[in-house]
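Chain naming here is simple, since letters A, B, ... match the order of the sequence lines and numbering starts at 1 in each.
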Amino acid sequence: MPEILEVEFYRRSAETVVGRPITAVHAPDRWFCKGGTTPEELKTVLPGARALELGRRGKLLLLHLDIGRTLGLRFGMTGRLIVDGQASVDELEYSPRRSDPAWDRFGLDFEGAMLRVSDPRRLGGVQLDPPVERLGPDALAISRTELAKALQASAPLKAKLLDQTAVAGMGNLLVDETLWRAGLDPARPARSLTPDEVATLHKTMRQTLKTLLRRGGSHTGDLQDQRHRGGLCPRDGTPLSRRQVGGRTTYSCPRHQH
DNA sequence: CCGGATGTTCACCT
DNA sequence: GAGGTGAACATCCG
């Protein structure tokens with residue numbers, strides 16, 4: 001997916017629909033409707049409603065509607081939000097360049113605007129009143145204290161950062177980039193971090209998200225070009241370690257990440 | 001041809 | 001309960 005940065009771009013690009021009434025609902029894929037939400041319900045509830053504002057919690061995009069309901073959009077790994085027929089994030093590595101209309105899993109028409117979720121692999125989804133409370137603090141807003149609390153676990157540091165109920169928004173690329181910059185070993189038990197290390201991680205995470213947001217996305221990290229077998233640490237030239245941590249392929253520098 | 005890829009959920013173990 | 005693993009989703013790429 002889109003990790004938190006891409007979803008933030010989606011949120012911004014979709015601002016254009018605020019205040020406009022929904023005129024039509026496209027929900028051709030029942031499987032894409034999650035958590036008890038059905039195409040029939042969406043087509044009954046949504047027409048006529050207006051978006052009051054757009055929100056986001058981690059990777060979950062939220063349309064707060066004037067009918068007291070909230071529509072949640074998830075993008076999985078390959079989902080894209082298309083606004084007014086134009087993809088808002090062009091360089092989504094694992095999405096095909098051109099979007100096939102057959103991959104439109106959900107869409108809303110507004111007066112003078114439209115949204116489409118194009119998702120080849122169908123890993124995303126749409127849900128009315130999604131359980132936002134199950135997500136941890138948003139990675140772009142989390143405090144040091146909240147981060148420290150999220151790391152009170154024996155699981156690997158990386159696993160907790162990927163756990164959306166602990167911290168919402170971090171994905172595989174952002175976690176590897178952040179831990180590489182912070183000099184922290186992804187496999188360390190989360191709760192083994194000292195208060196100083198938590199402070200460093202917090203500062204580094206904020207700086208990393210800010211920088212990569214400015215650069216244009218999760219794939220613009222300094223580590224990105226070396227995320228392959230035989231890759232070298234951009235900082236010290238050491239061959240990178242490649243292993244599974246928290247169930248995901250993980251690149252880290254054995255020399256400067258501890 | 002095969003493996004793996006910015007993700008989440010669930011079943012099934014330990 | 002916590003944590004780990006593998007499957008499922010479906011397409012593209014090296």
Nearest-Å distance once atom [atom1] is located in both [N] and [M]:
| N | M | atom1 | result |
| --- | --- | --- | --- |
| B/dT6 | C/dG4 | C1' | 22 Å |
| B/dA5 | C/dT5 | P | 15 Å |
| B/dT8 | C/dG1 | P | 23 Å |

*5'-most contact on DNA chain B: A/R229 or A/R248, nearest heavy atom basis?*
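The residue closer to the strand's 5' end, by nearest nucleotide, is A/R229.
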
*Strand-adjacent residues in residues 182-192 of chain A, judged by heavy atoms under 4.0 Å from DNA chain C*: none

Under 4.0 Å: is that the gap between some side-chain N or O of [X] and OP1 or OP2 of [N]?
| X | N | answer |
| --- | --- | --- |
| A/W31 | C/dC9 | no |
| A/R227 | B/dT6 | yes |
| A/T249 | B/dA5 | yes |
| A/S154 | C/dG3 | yes |
| A/K59 | B/dT8 | yes |
| A/R242 | B/dA5 | yes |
| A/R80 | B/dT6 | no |

*Please identify each residue that fulfils side chain to side chain donor-acceptor pair (under 3.5 Å) with A/Q152, with sequence neighbours left out.*
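Not a single residue meets the side chain to side chain donor-acceptor pair (under 3.5 Å) criterion with A/Q152.
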
_No-hydrogen, no-angle side-chain donor-acceptor test under 3.5 Å, A/D119 and A/T78_ =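 Note: A/D119 and A/T78 side chains meet the donor-acceptor criterion.
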
*With sequence neighbours excluded, give me every salt bridge (charged side-chain N to carboxylate O under 4.0 Å, His left out) pair touching residues 170-196 of chain A.*
A/K158-A/D176, A/D176-A/R227, A/E177-A/R181, A/R181-A/D222, A/D185-A/R243, A/R188-A/E197

*DNA chain C in dot-bracket, Watson-Crick or G-U pairs under 3.5 Å, [ ] crossing, | other strand?*
.||||||||.||||

*Got a sec, which pairs hit ring pair (Phe, Tyr, Trp, His ring centres under 6.0 Å) with one end in residues 220-244 of chain A, sequence neighbours left out?*
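Matches after skipping sequence neighbours: none remain.
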
_Listed once per pair and sorted, the ring pair (Phe, Tyr, Trp, His ring centres under 6.0 Å) pairs that draw on residues 160-191 of chain A, sequence neighbours left out_ =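 Only A/W180-A/H256 qualify under ring pair (Phe, Tyr, Trp, His ring centres under 6.0 Å).
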
*Give, for atom NZ of A/K160 and atom CG of A/L151, the distance between the pair rounded to the nearest 0.5 Å.*
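Separation between the atoms: 8.5 Å.
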
_Carboxylate-amine/guanidinium proximity below 4.0 Å for A/R30 and A/E40_ =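 Yes.
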
*asked:* Testing the basics here: between A/L161 and A/M170, what is the closest heavy-atom pair and its distance to 0.1 Å?
replied: O-CB, 3.4 Å

*Do side-chain atoms of A/R144 reach the backbone of A/H202 as a donor and acceptor pair under 3.5 angstrom?*
no

